[in-house]
Asks: 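After the structure tokens below, expect a handful of questions from me.
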Amino acid sequence: MPQLDSKISGIVNKNVASVAPSGIREFDQEISSVPGIVKLTIGEPDFDVPEHAKQAAIESIKENKSHYSAQKGIIELREGISNYLQKRTGVYYDPESEVIVTVGATEAIYSALTTILNPGDKVIVPTPAFALYFPIIKVAGAELIPIDTSDDGFVLTPEKLQAALDENGDQVKAIILNYPTNPTGVEYSEAQLKALADIISQHKMYVLADEIYCELTYGVEHHSIASMIPEQTILINGLSKSHAMTGYRIGYLAAPKDFITNASKMHAFVVTAPSNPAQYAAAEALKNGLDDPIPMRATYEKRRDYIADRLKQMGMQIAFPQGAFYIFAKIPGTINETSVEFATKLAKEAKVGVTPGSAFGPGGEGWIRMSYAAADEDIKLAMDRMNQYLLELAE
């Protein structure tokens with residue numbers, strides 16, 4: 001096993017070296033070795049990819065569609081994305097010049113941020129938030145401006161946004177809005193988005209709208225800020241959550257042409273082009289499978305209600321989710337432990353895996369995230385074990 005020569009060990013991108021690995025993944029790996037553990041950690045659907053989408057991938061292989069696709073993605077998929085977004089947002093995105101198919105929403109986030117950011121720029125992120133945003137901002141040489149939303153029902157208020165803009169001025173080049181939100185499941189209403197859009201429209205900045213969970217809402221309608229300020233919006237989405245296609249790695253960017261022209265360069269530098277079979281599966285999903293998320297959504301809603309009721313019976317405060325498939329629960333005040341300490345003991349002593357809230361930035365400490373994208377029997381077993389653990393602690 002080779003060892004890096006000491007004379008080159010210091011040759012490294014200092015921004016990359018200074019960021020920590022994903023706290024979510026790292027903690028999940030740490031507790032995975034606990035025998036018999038039931039994990040509610042990773043947000044991955046427990047459903048299978050719809051059969052017609054799988055068959056489209058298989059047919060593309062049989063038909064030898066095995067060469068590089070267009071760098072922005074196959075036109076059939078870009079047209080499907082354009083049609084879907086026009087129905088969903090009312091905004092028409094030209095599939096030739098305003099849509100890029102990416103390797104998951106993760107690459108969309110990376111390509112978007114590295115396209116617009118320069119050293120010294122600033123990016124506003126309402127927190128708690130999906131932790132991937134933080135290192136990408138840093139690697140791009142920019143500065144994260146977190147806004148703690150925990151005192152406001154985990155929703156960014158116009159007042160806090162305006163205050164952050166007043167304090168940081170023109171250095172703010174973007175704000176990232178993820179809704180329904182990971183880790184809280186909170187959704188923004190049309191009025192709440194409109195209030196934020198009114199402020200954003202007055203400043204020289206982008207809004208990255210990460211709407212990867214938009215098909216998974218419960219009893220509320222999803223609204224996109226792209227329908228309000230399309231000229232400043234970079235819309236990020238994909239099929240990982242809506243069609244349980246996490247392993248297919250298909251996401252996308254939709255935005256005005258001038259942005260896409262530059263973003264497509266970064267996308268090409270990083271990945272060249274997405275996988276053909278995955279793209280043909282995604283094209284089929286958007287063409288003939290817009291109703292595929294409905295049964296998944298119904299199942300998630302039942303699981304949400306079950307786990308929410310169980311947690312309330314345990315005396316735990318929760319952020320009641322209107323979307324996605326996470327519940328953010330507050331650690332009981334009688335337990336004097338950090339979220340990492342509590343989650344670690346819960347894993348080792350009760351054999352229940354949850355994610356510490358501190359992994360999601362300011363406002364997350366003192367909370368834990370639980371995913372209900374897990375089998376019903378696993379959720380029930382986890383709740384039974386957690387209830388018993390808390391009862392024993394109370395004694």
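Given the structure is predicted, the values throughout are model-derived calculations rather than measurements.
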Asks: So which pairs with a foot in residues 102-130 pass ring-ring contact (aromatic ring centres under 6.0 Å, His included), sequence neighbours left out?
Replies: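 The answer is F130-Y133.
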
Asks: With hydrophobic residues grouped by side-chain heavy-atom distances under 4.5 Å, do V172 and F259 end up in a single group?
Replies: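 Different clusters.
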
Asks: Who passes side-chain hydrogen bond (donor to acceptor under 3.5 Å, both in side chains) against T246, sequence neighbours left out?
Replies: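 With neighbours one apart ignored, the set is E44.
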
Asks: Mind checking the OG1-CG spacing from T115 to L253? Nearest 0.5 Å is all I need.
Replies: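 Here the rounded value is 8.0 Å.
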
Asks: H243 side chain to G289 main-chain N or O, any donor-acceptor pair under 3.5 Å?
Replies: yes

Asks: In the hydrophobic clustering (ILVMFWY, side-chain contacts below 4.5 Å, transitive), which residues join I61, or is it alone?
Replies: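 The other cluster members (ILVMFWY side chains, heavy atoms under 4.5 Å, direct or chained): none.
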
Asks: I'd like to know if the side chain of K241 reaches the main chain of G43, judged simply by a donor and an acceptor atom lying under 3.5 Å from each other, with no hydrogens or angles considered.
Replies: yes

Asks: If you measure from the Lys or Arg side-chain nitrogens to the Asp or Glu carboxylate oxygens, is any gap between D378 and K39 under 4.0 Å?
Replies: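 No salt bridge links D378 with K39.
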
Asks: Is it true that E51 and K54 have a side-chain N and a carboxylate O under 4.0 angstrom from each other?
Replies: yes

Asks: Can you hop from V207 to V123 via hydrophobic side chains spaced under 4.5 Å?
Replies: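 No, because V207 and V123 fall into different hydrophobic clusters, even though each may have its own neighbours under 4.5 Å.
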
Asks: Taking I100 as the starting point, is it possible to reach I236 by hopping between hydrophobic residues whose side chains are less than 4.5 Å apart?
Replies: yes

Asks: Answer yes or no: is there a donor N or O on one side and an acceptor on the other, between the side chain of R369 and the main chain of V354, under 3.5 Å?
Replies: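 Looks like no, no N/O pair under 3.5 Å.
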
Asks: Less than 3.5 Å apart, which donor and acceptor atoms pair up between the side chains of residues 357-364 and the rest of the protein, not counting sequence neighbours?
Replies:
| residue | atom | partner | partner atom | Å |
| --- | --- | --- | --- | --- |
| S358 | OG | S339 | OG | 3.2 |

Asks: Which heavy atom in M370 sits nearest to a heavy atom in M386, and how many Å separate them?
Replies: SD-SD, 4.2 Å

Asks: Sub-3.5 Å donor-acceptor pair from the side chain of K287 to the main-chain atoms of G80, do we have one?
Replies: no

Asks: Starting from L235, walk the hydrophobic network (Ile, Leu, Val, Met, Phe, Trp, Tyr; side-chain heavy atoms closer than 4.5 Å) and list everyone else you reach, by chain and number.
Replies: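 V49, I74, L77, I81, Y84, L85, V91, Y93, V99, V101, L239, M245, Y248, I250, Y252, Y280, L286, L290, all in the cluster of L235.
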
Asks: Over all heavy atoms of both residues, which pair between A382 and V352 is shortest? Give the atoms and the distance, please.
Replies: O-CG2, 3.6 Å

Asks: Can L165 and Q202 be said to form a side-chain contact (heavy atoms from CB on, under 4.5 Å), step by step?
Replies: CA-CA 11 Å; L165 289 168; Q202 299 172 34; over 6 Å; no

Asks: Does one hydrophobic cluster hold both V155 and I225, with members joined at side-chain heavy-atom distances below 4.5 Å?
Replies: yes

Asks: Could you go step by step and tell me if Q313 and D309 meet the side chain to side chain donor-acceptor pair (under 3.5 Å) rule?
Replies: CA-CA 6 Å; Q313 290 170 16; D309 287 344; 5.8 Å; no

Asks: Could you state the interatomic distance from CG (L346) to CD1 (I37), rounded to the nearest 0.5 Å?
Replies: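 It comes to 8.0 Å.
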
Asks: Before giving the answer on side-chain contact (heavy atoms from CB on, under 4.5 Å), spell out for M383 and L311 the whole-Å C-alpha distance, their side-chain angles and the decisive distance to 0.1 Å.
Replies: CA-CA 8 Å; M383 292 299 98; L311 291 172; 4.1 Å; yes

Asks: Report all side-chain donor-acceptor pairs from residues 292-302 shorter than 3.5 Å, counting only partners two or more places apart or in another chain.
Replies:
| residue | atom | partner | partner atom | Å |
| --- | --- | --- | --- | --- |
| D292 | OD2 | H52 | NE2 | 2.8 |
| R297 | NH1 | E215 | O | 2.7 |
| T299 | OG1 | P295 | O | 3.2 |

Asks: Any salt bridge between D151 and K160, counting N to O under 4.0 Å?
Replies: no

Asks: Is there a donor-acceptor pair under 3.5 Å between the side chain of T102 and the backbone N or O of G251?
Replies: yes

Asks: Test of understanding: with side-chain hydrogen bond (donor to acceptor under 3.5 Å, both in side chains), list the residues that count as partners of N387, not counting sequence neighbours.
Replies: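 Here no residue qualifies.
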
Asks: Other residues, nucleotides and ligands only: do more than 12 of their heavy atoms fall within 6.0 Å of CZ on F269?
Replies: no

Asks: By the rule that ILVMFWY residues connect when side-chain heavy atoms come within less than 4.5 angstrom, directly or transitively, which residues belong alongside V38?
Replies: L381

Asks: Would you confirm whether K351, through its side chain, and P35, through its main-chain N or O, come within 3.5 Å as a donor-acceptor pair?
Replies: yes

Asks: Show your reasoning for whether side-chain contact (heavy atoms from CB on, under 4.5 Å) applies to I368 and M316.
Replies: CA-CA 11 Å; I368 54 174; M316 297 186 73; 4.3 Å; yes

Asks: Show the nearest heavy-atom pair for residues I229 and S201, with the distance to one decimal.
Replies: CG2-CB, 3.9 Å

Asks: Taking R304 for the side chain and P321 for the main chain, is one N or O donor matched with an acceptor at less than 3.5 Å?
Replies: yes

Asks: Between Q55 and E59, is any side-chain donor less than 3.5 angstrom from a side-chain acceptor?
Replies: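 Note: Q55 and E59 side chains miss the donor-acceptor criterion.
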
Asks: Is it the case that atom CD in E190 sees more than 12 heavy atoms from other parts of the structure closer than 6.0 Å?
Replies: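 It does not: E190 CD has 12 such atoms or fewer within range.
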
Asks: Quick test of your reading of the model: are K194 and D198 salt-bridged, counting only N-O distances below 4.0 Å?
Replies: yes

Asks: In sequence, state the C-alpha distance, the side-chain angles, and the governing distance for N288 and E284, and then conclude on side chain to side chain donor-acceptor pair (under 3.5 Å).
Replies: CA-CA 6 Å; N288 297 311; E284 167 62 23; 3.1 Å; yes

Asks: Do you know which two heavy atoms are closest between Q71 and A268, and how far apart they sit?
Replies: OE1-CB, 3.4 Å

Asks: Compare every heavy atom of A281 with every heavy atom of A56, then report the nearest pair and how far apart it is.
Replies: CB-CA, 4.1 Å

Asks: Provide the full list of ring-ring contact (aromatic ring centres under 6.0 Å, His included) pairs with a residue in residues 156-187, sequence neighbours left out, each pair given once.
Replies: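 Qualifying pairs, neighbours excluded: Y179-Y188, Y179-H222.
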
Asks: Using a 3.5 Å distance criterion without hydrogens, assess whether the side chain of T181 forms a donor-acceptor pair with backbone atoms of V186.
Replies: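 Yes; judged by distance alone, with no hydrogens or angles, the pair exists.
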
Asks: Step by step, would you call I175 with L156 a side-chain contact (heavy atoms from CB on, under 4.5 Å)?
Replies: CA-CA 11 Å; I175 178 173; L156 176 63; 3.6 Å; yes

Asks: Measure the CD1-CD1 distance between I212 and I109 for me, rounded to the nearest 0.5 Å.
Replies: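 The CD1 atom of I212 sits 8.5 Å away from the CD1 atom of I109.
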
Asks: Determine, for K204 against D170, whether the closest basic-nitrogen to carboxylate-oxygen distance falls under 4.0 angstrom.
Replies: no

Asks: I'd like to know if the side chain of S82 and the backbone of R78 have a donor-acceptor N/O pair within less than 3.5 Å.
Replies: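 Such a contact is absent between S82 side chain and R78 backbone.
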
Asks: Looking only at heavy atoms, which two atoms of K72 and E96 are closest? And how far apart?
Replies: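 Here K72 and E96 meet closest at NZ-O, 3.2 Å.
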
Asks: Could you tell me if R385 and Y389 have a donor-acceptor pair between their side chains, going purely by distance under 3.5 Å?
Replies: no

Asks: Kindly check if the number of other-residue, nucleotide or ligand heavy atoms within 6.0 Å of CG (N13) is above 12?
Replies: yes

Asks: Would you confirm whether E79, through its side chain, and P95, through its main-chain N or O, come within 3.5 Å as a donor-acceptor pair?
Replies: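 Flag not set: sc E79 to bb P95 has no pair under 3.5 Å.
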
Asks: According to side-chain hydrogen bond (donor to acceptor under 3.5 Å, both in side chains), who are the partners of D94, at least two apart in sequence or on a separate chain?
Replies: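 For D94 the side-chain hydrogen bond (donor to acceptor under 3.5 Å, both in side chains) partners, ignoring immediate neighbours, are S97.
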
Asks: Return the set of residues passing side-chain hydrogen bond (donor to acceptor under 3.5 Å, both in side chains) with N168 (not counting sequence neighbours), or none when no residue passes.
Replies: K122

Asks: Can you tell me how far NZ of K348 sits from OG of S33, rounded to the nearest 0.5 angstrom?
Replies: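 It is 8.0 Å, given to the nearest 0.5 Å.
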
Asks: Please name the residue in the list Y372, W367, Y213, F320 that meets the ring-ring contact (aromatic ring centres under 6.0 Å, His included) test with Y326.
Replies: Y213

Asks: Taking I318 as the starting point, is it possible to reach L390 by hopping between hydrophobic residues whose side chains are less than 4.5 Å apart?
Replies: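 As far as the 4.5 Å side-chain criterion goes, I318 and L390 are connected within one cluster.
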
Asks: Which atom pairs, donor and acceptor, lie under 3.5 Å between side-chain atoms of residues 136-145 and protein residues at least two apart or in another chain?
Replies:
| residue | atom | partner | partner atom | Å |
| --- | --- | --- | --- | --- |
| K138 | NZ | S18 | OG | 3.4 |

